[in-house]
Amino acid sequence: GNGTNDDTDAIAAAEAARAPGQTMRFAAGTYLSRGNVVTKPGIWEFEPGATLRLAEGQPAGTKLLLIDADDVLVRGGGFDGNRARQSEPNDQNCIFGGSRRNVHIDVDRVTDAGAQGVFMANATDCSVRVRRAERTGLTAIQWVYTGADSVTRCVTYGSVVDRSDDAANREGCIKYSKGGDATGRIVDCAIADCHARMHPAATGYGAGCLEIWGDGAYNRIVGCHVEGSAIGISVANGQSRGTVVGNTTFDCAYEGIEIADSTHCTVNGNVVDGNGRTSIGISIDGANIAAISNAVVGNTGRRVSTSGIT
(Lines give C-alpha, C1' and ligand atoms only; values in the text may rest on other atoms or scores of the structure.)
Protein backbone atom coordinates (compact mmCIF):
# COMPACT_ATOMS: atom_id res chain seq x y z
CA GLY A 1 0.00 0.00 0.00
CA ASN A 2 2.78 2.45 -0.79
CA GLY A 3 1.04 3.96 -3.84
CA THR A 4 3.86 2.87 -6.14
CA ASN A 5 4.00 -0.92 -6.35
CA ASP A 6 1.30 -2.98 -8.07
CA ASP A 7 -0.59 -4.79 -5.31
CA THR A 8 -3.01 -6.76 -7.50
CA ASP A 9 -1.41 -10.17 -7.09
CA ALA A 10 -0.81 -9.76 -3.36
CA ILE A 11 -4.47 -8.84 -2.81
CA ALA A 12 -5.62 -11.78 -4.94
CA ALA A 13 -3.41 -14.16 -2.96
CA ALA A 14 -4.80 -12.86 0.33
CA GLU A 15 -8.35 -13.32 -0.98
CA ALA A 16 -7.55 -16.87 -2.09
CA ALA A 17 -6.25 -17.66 1.41
CA ARG A 18 -9.25 -16.08 3.17
CA ALA A 19 -11.80 -18.61 4.37
CA PRO A 20 -15.48 -17.88 3.61
CA GLY A 21 -16.93 -15.53 6.21
CA GLN A 22 -13.56 -14.20 7.34
CA THR A 23 -12.43 -10.56 7.20
CA MET A 24 -9.60 -9.20 5.07
CA ARG A 25 -8.23 -5.90 6.36
CA PHE A 26 -6.43 -3.13 4.49
CA ALA A 27 -4.27 -0.89 6.64
CA ALA A 28 -3.86 2.81 5.81
CA GLY A 29 -2.12 3.31 2.49
CA THR A 30 -2.76 3.43 -1.26
CA TYR A 31 -3.05 0.06 -2.99
CA LEU A 32 -2.59 0.02 -6.75
CA SER A 33 -4.70 -2.59 -8.51
CA ARG A 34 -5.32 -3.74 -12.07
CA GLY A 35 -8.66 -5.01 -10.74
CA ASN A 36 -9.44 -7.41 -7.88
CA VAL A 37 -12.31 -9.79 -7.16
CA VAL A 38 -14.20 -10.67 -3.98
CA THR A 39 -14.67 -14.40 -4.55
CA LYS A 40 -16.42 -15.63 -1.39
CA PRO A 41 -18.68 -14.43 1.45
CA GLY A 42 -17.15 -12.25 4.14
CA ILE A 43 -15.84 -8.76 4.80
CA TRP A 44 -13.32 -6.53 3.07
CA GLU A 45 -12.46 -3.95 5.72
CA PHE A 46 -10.60 -0.77 4.77
CA GLU A 47 -9.16 1.08 7.74
CA PRO A 48 -9.11 4.90 7.83
CA GLY A 49 -6.67 6.20 5.23
CA ALA A 50 -6.83 3.08 3.03
CA THR A 51 -7.48 3.59 -0.69
CA LEU A 52 -7.76 1.12 -3.54
CA ARG A 53 -6.67 2.88 -6.77
CA LEU A 54 -6.89 1.62 -10.34
CA ALA A 55 -3.41 1.29 -11.80
CA GLU A 56 -2.57 3.41 -14.79
CA GLY A 57 -3.42 2.30 -18.33
CA GLN A 58 -6.10 -0.36 -17.72
CA PRO A 59 -8.36 -1.42 -20.62
CA ALA A 60 -11.99 -0.43 -21.10
CA GLY A 61 -14.36 -2.42 -18.91
CA THR A 62 -11.94 -2.89 -16.01
CA LYS A 63 -13.59 -3.14 -12.58
CA LEU A 64 -11.43 -1.87 -9.73
CA LEU A 65 -13.35 -4.17 -7.35
CA LEU A 66 -15.63 -6.88 -8.73
CA ILE A 67 -17.92 -8.53 -6.20
CA ASP A 68 -18.46 -12.11 -7.36
CA ALA A 69 -20.06 -13.64 -4.25
CA ASP A 70 -23.16 -13.28 -2.09
CA ASP A 71 -23.16 -12.27 1.60
CA VAL A 72 -20.38 -9.69 1.27
CA LEU A 73 -19.67 -6.48 3.19
CA VAL A 74 -17.21 -3.92 1.81
CA ARG A 75 -16.63 -1.32 4.49
CA GLY A 76 -14.60 1.89 4.77
CA GLY A 77 -11.84 3.30 2.62
CA GLY A 78 -11.62 5.04 -0.71
CA PHE A 79 -12.00 3.70 -4.26
CA ASP A 80 -10.22 5.75 -6.90
CA GLY A 81 -10.82 5.01 -10.58
CA ASN A 82 -7.82 7.18 -11.52
CA ARG A 83 -9.67 8.24 -14.67
CA ALA A 84 -7.13 10.81 -15.82
CA ARG A 85 -4.45 8.12 -16.08
CA GLN A 86 -6.52 5.67 -18.14
CA SER A 87 -6.28 5.60 -21.93
CA GLU A 88 -9.65 3.78 -22.21
CA PRO A 89 -11.79 4.74 -19.21
CA ASN A 90 -15.02 3.60 -20.91
CA ASP A 91 -17.09 1.23 -18.80
CA GLN A 92 -14.62 1.27 -15.91
CA ASN A 93 -16.27 1.08 -12.47
CA CYS A 94 -14.84 1.48 -8.98
CA ILE A 95 -17.16 -1.20 -7.54
CA PHE A 96 -19.24 -3.64 -9.60
CA GLY A 97 -21.61 -6.42 -8.59
CA GLY A 98 -23.81 -8.53 -10.85
CA SER A 99 -26.68 -10.87 -9.86
CA ARG A 100 -25.73 -10.82 -6.20
CA ARG A 101 -27.67 -11.22 -2.93
CA ASN A 102 -27.01 -9.67 0.46
CA VAL A 103 -24.10 -7.47 -0.66
CA HIS A 104 -23.58 -4.31 1.37
CA ILE A 105 -21.25 -1.49 0.33
CA ASP A 106 -20.56 1.04 3.07
CA VAL A 107 -17.51 3.04 2.00
CA ASP A 108 -16.02 6.47 2.56
CA ARG A 109 -15.16 7.65 -0.96
CA VAL A 110 -15.72 6.75 -4.60
CA THR A 111 -14.04 9.04 -7.10
CA ASP A 112 -12.80 9.43 -10.66
CA ALA A 113 -14.45 6.37 -12.18
CA GLY A 114 -14.43 6.24 -15.96
CA ALA A 115 -18.12 5.25 -15.94
CA GLN A 116 -20.33 4.55 -12.89
CA GLY A 117 -18.73 4.73 -9.47
CA VAL A 118 -20.83 1.90 -8.02
CA PHE A 119 -22.74 -0.31 -10.46
CA MET A 120 -25.06 -3.07 -9.20
CA ALA A 121 -27.01 -5.24 -11.65
CA ASN A 122 -29.91 -7.62 -10.94
CA ALA A 123 -29.36 -7.40 -7.19
CA THR A 124 -31.52 -8.63 -4.28
CA ASP A 125 -31.41 -7.47 -0.63
CA CYS A 126 -28.38 -5.25 -1.14
CA SER A 127 -27.44 -1.75 0.03
CA VAL A 128 -25.04 1.06 -0.85
CA ARG A 129 -23.78 3.96 1.21
CA VAL A 130 -21.00 6.18 -0.12
CA ARG A 131 -20.11 9.05 2.16
CA ARG A 132 -18.59 11.01 -0.73
CA ALA A 133 -18.86 10.22 -4.44
CA GLU A 134 -17.58 12.67 -7.03
CA ARG A 135 -16.09 13.13 -10.51
CA THR A 136 -17.57 9.97 -11.99
CA GLY A 137 -17.82 9.69 -15.76
CA LEU A 138 -21.43 8.48 -15.61
CA THR A 139 -23.98 8.02 -12.80
CA ALA A 140 -22.26 7.87 -9.43
CA ILE A 141 -24.42 5.04 -8.01
CA GLN A 142 -26.50 2.97 -10.41
CA TRP A 143 -28.70 -0.11 -10.09
CA VAL A 144 -29.94 -1.76 -13.27
CA TYR A 145 -32.07 -4.75 -14.22
CA THR A 146 -31.40 -6.70 -17.40
CA GLY A 147 -33.16 -9.53 -19.22
CA ALA A 148 -35.81 -11.19 -17.07
CA ASP A 149 -34.01 -10.39 -13.80
CA SER A 150 -35.04 -7.68 -11.32
CA VAL A 151 -33.64 -5.33 -8.70
CA THR A 152 -35.44 -6.17 -5.46
CA ARG A 153 -35.27 -4.67 -1.95
CA CYS A 154 -32.12 -2.68 -2.64
CA VAL A 155 -31.43 0.60 -0.83
CA THR A 156 -29.13 3.56 -1.43
CA TYR A 157 -28.92 5.50 1.83
CA GLY A 158 -26.92 8.22 3.56
CA SER A 159 -24.84 8.96 0.47
CA VAL A 160 -23.39 12.30 -0.65
CA VAL A 161 -22.88 12.65 -4.40
CA ASP A 162 -21.36 15.69 -6.11
CA ARG A 163 -21.38 15.70 -9.92
CA SER A 164 -21.38 19.50 -10.23
CA ASP A 165 -17.97 19.64 -11.91
CA ASP A 166 -19.26 19.66 -15.50
CA ALA A 167 -22.40 21.02 -17.19
CA ALA A 168 -22.18 18.13 -19.67
CA ASN A 169 -23.06 15.64 -16.91
CA ARG A 170 -26.35 14.07 -17.96
CA GLU A 171 -26.31 10.70 -16.25
CA GLY A 172 -27.39 11.78 -12.80
CA CYS A 173 -26.25 11.06 -9.26
CA ILE A 174 -28.25 7.99 -8.13
CA LYS A 175 -30.36 5.93 -10.50
CA TYR A 176 -32.37 2.71 -10.63
CA SER A 177 -33.03 1.83 -14.26
CA LYS A 178 -33.93 -0.63 -16.97
CA GLY A 179 -31.26 -2.07 -19.24
CA GLY A 180 -32.25 -2.29 -22.90
CA ASP A 181 -35.31 -4.45 -23.53
CA ALA A 182 -35.34 -5.99 -20.03
CA THR A 183 -38.57 -7.56 -18.82
CA GLY A 184 -37.76 -7.59 -15.09
CA ARG A 185 -38.73 -4.94 -12.55
CA ILE A 186 -37.55 -2.61 -9.78
CA VAL A 187 -39.43 -3.63 -6.62
CA ASP A 188 -39.41 -2.31 -3.03
CA CYS A 189 -36.23 -0.24 -3.46
CA ALA A 190 -35.34 3.13 -1.97
CA ILE A 191 -33.15 6.21 -2.18
CA ALA A 192 -33.14 7.58 1.37
CA ASP A 193 -31.44 10.41 3.24
CA CYS A 194 -29.04 11.24 0.41
CA HIS A 195 -27.57 14.57 -0.71
CA ALA A 196 -27.01 14.93 -4.46
CA ARG A 197 -25.67 17.86 -6.47
CA MET A 198 -25.28 18.45 -10.18
CA HIS A 199 -24.25 21.44 -12.26
CA PRO A 200 -27.01 24.09 -12.24
CA ALA A 201 -26.84 24.24 -16.03
CA ALA A 202 -26.76 20.50 -16.72
CA THR A 203 -27.32 20.02 -20.42
CA GLY A 204 -30.33 18.28 -21.91
CA TYR A 205 -33.88 17.61 -20.84
CA GLY A 206 -32.98 14.19 -19.47
CA ALA A 207 -30.38 15.26 -16.93
CA GLY A 208 -31.90 13.99 -13.68
CA CYS A 209 -30.33 13.93 -10.24
CA LEU A 210 -32.25 11.09 -8.52
CA GLU A 211 -34.19 8.64 -10.70
CA ILE A 212 -36.23 5.45 -10.50
CA TRP A 213 -36.85 4.60 -14.14
CA GLY A 214 -38.45 1.41 -15.43
CA ASP A 215 -41.22 -1.05 -14.63
CA GLY A 216 -41.77 -1.73 -10.95
CA ALA A 217 -43.69 -0.99 -7.77
CA TYR A 218 -43.43 0.17 -4.15
CA ASN A 219 -40.23 2.15 -4.63
CA ARG A 220 -39.38 5.24 -2.59
CA ILE A 221 -37.34 8.45 -2.65
CA VAL A 222 -37.40 9.79 0.89
CA GLY A 223 -35.68 12.53 2.87
CA CYS A 224 -33.19 13.57 0.18
CA HIS A 225 -31.75 16.96 -0.76
CA VAL A 226 -31.16 17.63 -4.45
CA GLU A 227 -29.43 20.60 -6.06
CA GLY A 228 -28.98 21.45 -9.74
CA SER A 229 -29.65 19.29 -12.82
CA ALA A 230 -32.52 19.65 -15.29
CA ILE A 231 -34.86 17.40 -13.28
CA GLY A 232 -34.32 17.00 -9.55
CA ILE A 233 -36.29 13.81 -8.82
CA SER A 234 -37.86 11.53 -11.43
CA VAL A 235 -40.08 8.47 -11.02
CA ALA A 236 -40.90 7.27 -14.50
CA ASN A 237 -41.56 4.68 -17.18
CA GLY A 238 -43.96 2.23 -15.60
CA GLN A 239 -43.68 2.74 -11.85
CA SER A 240 -46.67 1.98 -9.62
CA ARG A 241 -47.39 2.84 -5.98
CA GLY A 242 -44.16 4.74 -5.56
CA THR A 243 -43.62 7.46 -2.96
CA VAL A 244 -41.67 10.71 -3.10
CA VAL A 245 -41.81 12.05 0.43
CA GLY A 246 -39.98 14.67 2.51
CA ASN A 247 -37.42 15.72 -0.09
CA THR A 248 -36.03 19.14 -1.02
CA THR A 249 -35.06 20.20 -4.54
CA PHE A 250 -33.17 23.41 -5.24
CA ASP A 251 -32.18 25.27 -8.40
CA CYS A 252 -33.22 22.60 -10.92
CA ALA A 253 -33.32 23.99 -14.44
CA TYR A 254 -36.60 22.41 -15.61
CA GLU A 255 -38.59 20.39 -13.04
CA GLY A 256 -38.22 19.88 -9.33
CA ILE A 257 -40.13 16.56 -9.19
CA GLU A 258 -41.44 14.49 -12.08
CA ILE A 259 -43.88 11.55 -12.05
CA ALA A 260 -43.98 10.34 -15.65
CA ASP A 261 -45.88 7.41 -17.19
CA SER A 262 -46.54 5.99 -13.71
CA THR A 263 -49.64 5.27 -11.62
CA HIS A 264 -50.85 5.31 -8.00
CA CYS A 265 -47.82 7.29 -6.79
CA THR A 266 -47.75 9.70 -3.83
CA VAL A 267 -45.85 13.00 -3.74
CA ASN A 268 -46.13 14.38 -0.22
CA GLY A 269 -44.33 16.83 2.07
CA ASN A 270 -41.66 17.91 -0.41
CA VAL A 271 -40.16 21.39 -0.83
CA VAL A 272 -39.36 22.63 -4.33
CA ASP A 273 -37.23 25.79 -4.26
CA GLY A 274 -36.75 26.88 -7.84
CA ASN A 275 -34.35 29.72 -7.04
CA GLY A 276 -36.08 31.61 -9.86
CA ARG A 277 -34.93 29.05 -12.47
CA THR A 278 -37.08 25.95 -12.08
CA SER A 279 -39.89 26.10 -14.65
CA ILE A 280 -42.22 23.47 -13.14
CA GLY A 281 -42.32 22.55 -9.48
CA ILE A 282 -44.04 19.14 -9.71
CA SER A 283 -45.03 17.48 -12.98
CA ILE A 284 -47.45 14.57 -13.45
CA ASP A 285 -47.05 13.40 -17.04
CA GLY A 286 -48.93 10.57 -18.74
CA ALA A 287 -47.65 10.88 -22.28
CA ASN A 288 -47.22 7.11 -22.78
CA ILE A 289 -49.01 5.54 -19.79
CA ALA A 290 -52.14 7.14 -18.35
CA ALA A 291 -51.27 8.94 -15.11
CA ILE A 292 -53.93 7.26 -12.96
CA SER A 293 -54.52 7.91 -9.24
CA ASN A 294 -51.37 9.85 -8.46
CA ALA A 295 -51.68 11.95 -5.27
CA VAL A 296 -49.88 15.27 -4.83
CA VAL A 297 -50.52 16.65 -1.34
CA GLY A 298 -48.84 18.83 1.27
CA ASN A 299 -45.94 20.05 -0.84
CA THR A 300 -44.36 23.52 -0.80
CA GLY A 301 -43.18 25.40 -3.88
CA ARG A 302 -41.33 28.68 -3.97
CA ARG A 303 -39.48 30.74 -6.54
CA VAL A 304 -40.79 28.51 -9.35
CA SER A 305 -40.79 30.52 -12.56
CA THR A 306 -43.71 29.10 -14.56
CA SER A 307 -45.98 26.56 -12.86
CA GLY A 308 -46.21 24.95 -9.44
CA ILE A 309 -47.93 21.71 -10.49
CA THR A 310 -48.77 20.45 -13.98
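- Within the 4.5 Å cutoff, the side chain of T136 has no heavy atoms near those of the Q142 side chain.
- For D106, the salt bridge (Lys or Arg N to Asp or Glu O under 4.0 Å) partners are R129, R131, not counting sequence neighbours.
- Annotation: salt bridge (Lys or Arg N to Asp or Glu O under 4.0 Å) contacts of D251 (sequence neighbours excluded): R277.
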Ignoring hydrogens and angles, write down the donor-acceptor pairs under 3.5 Å from the side chains of residues 7-15, residues two or more places apart or on other chains.
| from | atom 1 | to | atom 2 | distance (Å) |
| --- | --- | --- | --- | --- |
| D7 | OD2 | L32 | N | 3.2 |
| T8 | OG1 | D6 | OD1 | 2.6 |
| T8 | OG1 | R34 | N | 2.7 |
| D9 | OD1 | R34 | NH2 | 3.3 |
| E15 | OE1 | R18 | NE | 2.8 |
| E15 | OE1 | R18 | NH2 | 3.1 |
| E15 | OE1 | W44 | NE1 | 3.0 |
| E15 | OE2 | R18 | NH2 | 2.9 |
| E15 | OE2 | T39 | N | 2.8 |
| E15 | OE2 | T39 | OG1 | 3.0 |

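- Using a 4.5 Å cut-off on side-chain heavy atoms (C-beta onward), I105 and M120 make contact.
- Every salt bridge (Lys or Arg N to Asp or Glu O under 4.0 Å) that R53 has, sequence neighbours left out, goes to D80.
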Decide side chain to side chain contact (heavy atoms under 4.5 Å, CB included) for I212 and Q239; before the verdict, give the C-alpha distance in whole Å, the side-chain angles of both, and the deciding distance to 0.1 Å.
-> CA-CA 8 Å; I212 299 177; Q239 286 293 303; 3.7 Å; yes
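- Residues meeting the side-chain hydrogen bond (donor to acceptor under 3.5 Å, both in side chains) test with T146, sequence neighbours left out: N122.
- Note: F46 and F26 have parallel aromatic rings, judged against thresholds of 30 and 60 degrees for the angle between ring planes.
- No donor-acceptor distance shorter than 3.5 angstrom exists from the side chain of T30 to the backbone of G3, with no hydrogens or angles considered.
- S234 meets the side-chain hydrogen bond (donor to acceptor under 3.5 Å, both in side chains) test with E258; sequence neighbours excluded.
- Formation of a donor-acceptor pair under 3.5 Å by the N299 side chain with backbone atoms of V271 is not found in this model.
- Exactly one of L210, V144, I141, I191 qualifies for a side-chain contact (heavy atoms from CB on, under 4.5 Å) with Y176. That residue is I191.
- Using a 4.5 Å cut-off on side-chain heavy atoms (C-beta onward), M24 and E45 make no contact.
- Checked by atom type, the side-chain pair D162/S164 shows a donor-acceptor distance below 3.5 Å.
- Contact check for I259 versus D285: no side-chain heavy atoms found under the 4.5 Å cut-off.
- Salt-bridge check for R185 with D215: failed, with every basic side-chain N at 4.0 Å or more from each acidic carboxylate O.
- Other residues, nucleotides and ligands contribute at most 12 non-hydrogen atoms within 6.0 Å of the CZ atom of R101.
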